[in-house]
Amino acid sequence: MLGLIYLFSSFVFGFFLVSVFLKPIKNLAKLSASFLVGIFIFSWLTFIFSLVFSFANEPIKLGILGTFGVFSLILLIFKKKLQRDDLQVNINLTDFVFLIFALIFSFWIMGKSFDYDGVGYFRIASNIFDDFNVHLSLMRSFSWGKNFPPQLPFFAGQPIKYHFLTDFNFAVFEYLGWNSGWAINIPSALAFASVLVLIYSLSQELFGKNIVVGFVSVALFLFNSSFTWLKLKTLTQIWQQGEYLSAGPFDGGIISIFWNLNTYVNQRHLVVALGLFLIVVYILLSSWREKKILTTMLIFTGVLIGLLPLWHGLVFLATIVVCLAFWVLTKFRKSYLWLLLIAFVFSLPQLIFISSGGNNLPLFKPGFLIAETLTLENFVRYWLFNLGLSWLTILGGFLISSRERKNFYLPFLVLFILGNLFQFTHNMFHNHSLFNLWIVVSNFYSAYFLVYLFQKKWTAKLAAIILLVLLTFSGVIDLMVIKNDFIHRITDAPRDKLMSWIKEQTPTSTVFLSEEKLYNPVNLAGRKVFLGASHFAWGYGYDIDERKILTSKIEKEDNTEEAVGLLKKARIDYWLATPPAKFDLPRVYEDESWIVYQIPKD
């Protein structure tokens, strides 16, 4: 019940903010924007207040109370600025039916990939199994632990270098009483449905309220274009397809896995970030056409952009890049300069925090994931296979568009260029986020081209239908993988006795030494480990080598005093080891599989 109150209040808050500050967003799109803005701002407020009250036993409780205090205060201050017309939302039957479809599809796809069965097990699809270890560990570090200021749960002692606010948002719902499945899937599904609605609405806004363009844009998003379908042996295997035919770069193939829906069920933080990006695009389109941007809208949009880094760093970068490109192309540059300045002011503390320790990024590294030597031929081949026939339809839509629509598209093309020139994180494949955003906007032009063809003679109509089938065929095959994916079951507390003991008997700030393993019971109990899931820690920019050496040295040490000295130096409170007992240390927990040593304080 408390989680539902928090969720509904965030929507009301978002509806109020959108009504006051983002007036061009109307009707169905307004409902989606309201949810995304509301949950985004509520999460930020709750985190800030929780951080301020981190000295308390339950900082999240005080964070929630502080959030509702700000919520009430802002409603009182700005309610007089609302007009009756601002509160109206007009939805026709077609829009309503589409909204129902978006909700049903979104809840199905999120619940199919991850769930909690109610009897003590996480149910996790194989294609998101690796990454969800990070998100569950982070969520539990807040909901069952006390991770303020935030640290990576499997690299204790250093400031976090990963955008964590989505997982904090999930943690709030779990703290308020929802099980892990509800806490993750309900916000995720509502966010994904909101993204579908914004794609449906924004494409129509760009291309003259053509509802068919909206439907086709959504279809192209859900069923991505590539030449994966060329790998299909028989049509009869589609319904039972259980593995991705293309999973580059992990399978060594040329076609990347990052364009299909697995990206969004796996990276839940990207879903809300994409929605916020589309909200900014909505405002950019309005200001582009009106040749001006209202001061209140400018300030609020700048704040939204500026708060993105801790939610999704690369989407923040992409949004800034697009706004910079619009600043170059527009005549009212002063307004965009102010928008960028506001975004910079709000983002700077976050960027300093998550980049602590320094790195050499970004790197000039042309070619993205092209495995061969970078040549023009290899570049064209790579993107031809990854985008399929959408190159043709994007170009076609661009060429038949008005001059205004051509110019509007150019800033988004910068994302494709930058993603192919630079490496922005320790893993080059993270650049996929830049291409995901570019593809979403490019699909509007593809959809416009297909609808344009369908309005011509029967030969053009036939060509449009064939193109649509070929553009979406790979995505349909990939969707079947989500339907048929193998489900892993991971034991949770209280069924897992060790996890229950850790949660109930150790302080929330405790640090463990344990073996590296996914879904470590220490992390799922809300506590931190000295080093775990090191491939993720390395990917986020941590120096794992020193800790690997120290961990190995401790595990090989035969002298109890020497081992204790090393453990104290690393500020480790408990050691989770496997039997038989090796050291003369207090054993505070023991079963057939595990021994927990408590490290003496003096």
Between [X] and [Y] (side chain of the first, backbone of the second, donor and acceptor by atom type, cut-off under 3.5 Å), is there such a pair?
X      : Y      : value
Gln350 : Gly306 : yes
Asn260 : Gly475 : no
Ser286 : Ile283 : no
Ser287 : Ile293 : no
Asp485 : Asn127 : yes
Asn431 : Gly419 : yes

* Modelled atom types, side-chain donor and acceptor of Thr46 and Thr67, under 3.5 Å ->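 On atom types as modelled, these side chains qualify, holding a pair under 3.5 Å.
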* Polar side chain donor-acceptor pair, Ser201 to Lys26, under 3.5 angstrom -> no
[X]: partners by ring pair (Phe, Tyr, Trp, His ring centres under 6.0 Å), with sequence neighbours left out:
X      : result
Phe42  : Tyr6, Phe13, Phe68, Phe71
Tyr264 : Phe221
His430 : none
Phe346 : none

Can you confirm if the aromatic rings of [Y] and [X] lie within a centre distance of less than 6.0 Å?
X      : Y      : result
Phe435 : His432 : no
Phe173 : Trp182 : no
Phe170 : Phe142 : no
Phe326 : Phe408 : yes

Residue list, salt bridge (charged side-chain N to carboxylate O under 4.0 Å, His left out) with [X], at least two apart or on another chain:
X      : value
Asp492 : Arg140
Lys209 : Glu205
Lys406 : none
Asp117 : Arg489

* Got a sec, which residues hit side-chain hydrogen bond (donor to acceptor under 3.5 Å, both in side chains) with Ser225, two or more places apart in sequence or on another chain? -> none
* Among all residues two or more places apart in sequence or in another chain, which pass the side-chain hydrogen bond (donor to acceptor under 3.5 Å, both in side chains) test with Asp95? ->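 Residues passing side-chain hydrogen bond (donor to acceptor under 3.5 Å, both in side chains) with Asp95: Tyr200.
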* CG/Leu413 to CG/Leu418 distance, rounded to the nearest 0.5 angstrom? ->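 It comes to 10.0 Å.
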* Measure the spacing between CG of Leu196 and OG of Ser32 and express it to the nearest 0.5 Å. => 8.5 Å
Take the angle between the ring planes of [X] and [Y] and call it parallel below 30°, perpendicular above 60°, tilted in between.
X      : Y      : answer
Phe486 : His488 : perpendicular
Phe207 : Tyr445 : perpendicular
Phe47  : Trp44  : perpendicular

* Do you know the tightest heavy-atom contact between Thr393 and Ser446? -> OG1-OG, 2.8 Å
In a table with atom names and distances, give each donor-acceptor pair under 3.5 Å that connects a side chain of residues 100-111 to protein atoms at least two apart or in another chain.
{"residue": "Ser106", "atom": "OG", "partner": "Ala102", "partner atom": "O", "Å": "2.6"}
{"residue": "Ser106", "atom": "OG", "partner": "Ala193", "partner atom": "N", "Å": "3.1"}

* Qualifying side chain to side chain donor-acceptor pair (under 3.5 Å) pairs with a residue from residues 291-305, counting only residues at least two apart or across chains ->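 Not a single pair qualifies under side chain to side chain donor-acceptor pair (under 3.5 Å).
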* Is the cationic atom of Arg268 (NZ for Lys, CZ for Arg) positioned less than 6.0 Å from the six-membered ring centroid of Phe114 and within 45 degrees of its normal? -> no
